[in-house]
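What follows is one structure encoded as structure tokens, with my remarks underneath.
In what follows, chains carry the letters A, B, and so on, assigned in the order in which the sequence lines appear, proteins first and then strands, with residues in each chain numbered from 1.
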Amino acid sequence: MRKYLDLIWLRGIGALKADTKQSYLGMLWWILEPLLMAALFYLAFASGVRGGGQSGSSFVYFLLTGLFPFKWTASALTASSNSLINSKGILGQTYLPKWIFPSVANLTALIRFAFVFPLMLLLVIMGGYEPTSDWLSIVNVILCQILFNLSISFFLAATVPLIPDLTHVVPLIVMAMMFTSGIFFDISERPEEIQAILRLNPFVTILEGYRDVLLHGRTANLSALVYPFIASISAFAAGIALLIRFDRYYPRALP
Amino acid sequence: MNREIMSFDNVGLAYRRSLNPFSQKNWVLKEINFQLFRGEVLGVIGHNGAGKSTLLRLLAGIIAPNQGKIFKEKGVRSQLLTLNLGFIHKLSGFDNAIMSLVTQGKTIKEANQLLDGVIEFSGIGHLMDHSVSTYSAGERARLGFAIAMQATPDILLLDEMLGVGDKEFKRKSGKALQERVQSDQTAVLVSHSAGTIRKFCERALWIEDGLVKALGPTDEVLDRYEQSAPDRDKDHSKKAAVKAA
């Protein structure tokens with residue numbers, strides 16, 4: 001077990017190191033990319049969707065606190081869904097438990113978010129939102145999101161090699177999450193029945209957790225996080241069961 | 001004879017011809033039965049497509065068979081000797097050496113202790129800081145081989161008995177591999193070359209068309225193998241002649 005954790009750590013750090021060597025700006029891209037993306041979406045949505053422009057200034061922070069955590073989840077899921085396929089070289093040469101690979105993808109995504117998160121806090125504070133001791137409860141939201149990312153990642157990593165068609169579907173799922181998780185609009189302002197449907201997506205609750213704490217000065221609502229927690233545990237169980245069941249089949253299934 | 005360390009009982013392995021779950025199965029291995037004993041070197045011989053590589057992957061525990069059982073003594077680790085296991089080419093020789101050693105089952109601490117041995121054997125200490133993508137193929141093979149030799153599996157699996165790199169390193173690596181195989185290391189050696197098998201193996205396993213054609217003392221098995229080979233070639237050339245006509 002120890003050596004598997006060592007391996008996850010080394011491969012995670014290794015992937016990040018290699019990543020920074022691929023460009024002139026290196027690590028700077030970790031924060032530059034989400035910033036540019038936020039700027040782009042702000043330009044696209046601030047006037048159009050929110051209208052009037054009177055709430056434009058608070059919309060920036062609404063957008064940031066949704067988009068940055070979403071980027072974290074999106075990169076973890078995308079990398080994990082391909083993690084076994086991308087490791088087929090290693091998997092064809094030696095035996096390794098398959099859960100290592102989505103874990104590596106989650107580690108790198110988490111480390112990158114560790115750079116983005118302070119930036120997000122800083123921007124929110126600069127926007128005039130007072131940090132209070134309630135902000136500490138954001139830790140609950142982050143832990144819940146770590147579990148959510150890992151669970152969906154395990155499930156995708158386990159299913160994509162078995163049903164290769166899913167490689168086409170995963171980007172669509174991620175995009176669907178982007179448009180339905182309330183990154184650009186406030187779900188609680190939608191009609192009741194629409195809300196009910198959108199809230200089936202556990203990620204909605206996680207994003208609302210960030211905003212409750214950072215923008216609305218509330219503590220993270222633990223009872224609200226129960227749903228994403230249970231949904232994550234279920235996906236985790238299904239994912240790990242598949243990974244174990246097909247442990248020695250994946251090297252044959254990989255293209 | 002020594003204790004049995006691993007055995008195959010009626011092992012078969014099939015691939016589907018396409019993703020369609022109703023498509024026909026291709027049986028690469030059909031009914032494979034043999035034992036591997038502690039400390040011996042077993043040679044596996046057979047023609048292209050006989051299922052030798054698949055057999056190695058089963059022995060390494062990378063894949064599981066569709067039928068039959070593979071018994072392995074508890075706690076026994078079998079590993080394929082491979083170069084450049086899990087290398088990330090953008091990273092330095094150091095980083096890759098550590099990562100590769102951990103992939104082979106060491107902890108980070110153990111890997112750090114083994115590093116000196118790797119550098120010494122590879123003879124490319126001056127390049128260890130450089131990214132592996134800047135290495136020549138030979139330098140990469142040197143590093144890969146030096147790392148691979150640090151692995152200490154209970155059963156060493158070899159696909160051909162080959163030294164790597166330039167002339168000098170080929171001799172050095174070939175010699176290291178020989179010494180390893182001729183020690184009390186349990187090993188399975190797959191080769192096309194009857195000469196190699198004769199040189200290193202006490203027993204040989206000949207597989208053909210997914211079946212065990214012969215299993216026993218190397219000389220007996222190989223004599224039969226070599227007698228059959230010309231027939232087979234003749235057969236092929238006859239077919240080729242027919243085709244050409």
**Request:** Could you have a look at B/Ala60, B/Ser78, B/Gly105 and say which one has the most heavy-atom pairs with chain A under 4.5 angstrom?
**Result:** B/Gly105
**Prompt:** What distance separates A/Lys17 NZ from B/Ser131 OG, expressed to the nearest 0.5 Å?
**Reply:** 12.0 Å
**Complete:** residues 84-112 of chain A vs chain B, non-hydrogen distance cutoff under 4.5 Å, contacting residues -> A/Ile90, A/Leu91, A/Gly92, A/Gln93, A/Thr94, A/Tyr95, A/Leu96
**Item:** Closest non-hydrogen atom pair between B/Ile88 and A/Gly14, with its separation
**Value:** CD1-C, 4.1 Å
**Asked** Do other residues, nucleotides or ligands put more than 12 heavy atoms under 6.0 Å from the CZ atom of A/Phe155?
**Response** no
**Request:** Please state whether the side chain, the backbone, both or neither of B/Ile98 comes within less than 4.5 Å of a heavy atom of chain A.
**Result:** both
**Asked** Under 3.5 Å, is there a donor-acceptor pair between the side chain of A/Arg11 and the main chain of B/Met99?
**Response** no
**Asked** Does atom CZ of A/Phe203 have more than 12 heavy-atom neighbours from other groups under 6.0 Å away?
**Response** yes
**Prompt:** Between A/Arg252 and B/Ala14, is there a donor-acceptor pair closer than 3.5 Å when you use the side chain of the first and the backbone of the second?
**Reply:** yes
**Prompt:** Which value, rounded to the nearest 0.5 Å, describes the distance between B/Leu91 atom CG and A/Leu16 atom CG?
**Reply:** 10.5 Å
**Request:** Could you look at B/Ile63 and say if it's the side chain, the backbone, both or neither that has a heavy atom under 4.5 Å from chain A?
**Result:** both
**Prompt:** Just wondering, do B/Ile108 and A/Trp9 contact through their side chains at under 4.5 Å, heavy atoms?
**Reply:** yes
**Heavy-atom pair with the smallest gap, counting every atom of A/Pro251 and B/Arg57** = O-NH2, 4.1 Å
**Request:** Not counting sequence neighbours, which residues clear side chain to side chain contact (heavy atoms under 4.5 Å, CB included) with A/Ser151? List them please.
**Result:** A/Leu147, A/Ser232, A/Ala235, A/Phe236
**Asked** Under 6.0 Å from the CH2 atom of A/Trp135, do we count more than 12 heavy atoms belonging to anything else shown?
**Response** yes
**Request:** Working to the nearest 0.5 Å, report the span between OG1 of B/Thr103 and CG of A/Leu10.
**Result:** 8.0 Å
**Request:** Go through the structure and list residues passing salt bridge (charged side-chain N to carboxylate O under 4.0 Å, His left out) with B/Glu120, not counting sequence neighbours.
**Result:** none
**Residues, nucleotides or ligands: over 12 heavy atoms within 6.0 Å of A/Arg245 CZ** = no
**Prompt:** Measuring heavy-atom distances to chain A, does B/Phe87 have an atom under 4.5 Å in its side chain, in its backbone, in both, or in neither?
**Reply:** neither
**Request:** Please check if atom NZ in A/Lys21 has more than 12 non-hydrogen atoms from other residues, nucleotides or ligands closer than 6.0 Å.
**Result:** yes
**Message:** Can you tell me if A/Leu143 has over 12 outside heavy atoms packed within less than 6.0 Å of its CG?
**Reply:** yes
**Message:** Quick check on B/Leu83 against chain A: is it the side chain, the backbone, both or neither that has a heavy atom closer than 4.5 Å?
**Reply:** backbone
**Request:** Please indicate whether B/Asp184 has more than 12 foreign heavy atoms, meaning atoms of other residues, nucleotides or ligands, lying under 6.0 Å from its CG.
**Result:** no
**Message:** Can you tell me if A/Phe117 has over 12 outside heavy atoms packed within less than 6.0 Å of its CZ?
**Reply:** yes
**Asked** For residues 96-106 of chain B, which residue pairs qualify under salt bridge (Lys or Arg N to Asp or Glu O under 4.0 Å), counting only residues two or more places apart or in two chains?
**Response** none
**Prompt:** For the candidates B/Asn84, B/Leu157, B/Asn96, B/Thr107, which exhibits the highest count of non-hydrogen atom pairs separated by less than 4.5 Å from chain A?
**Reply:** B/Thr107
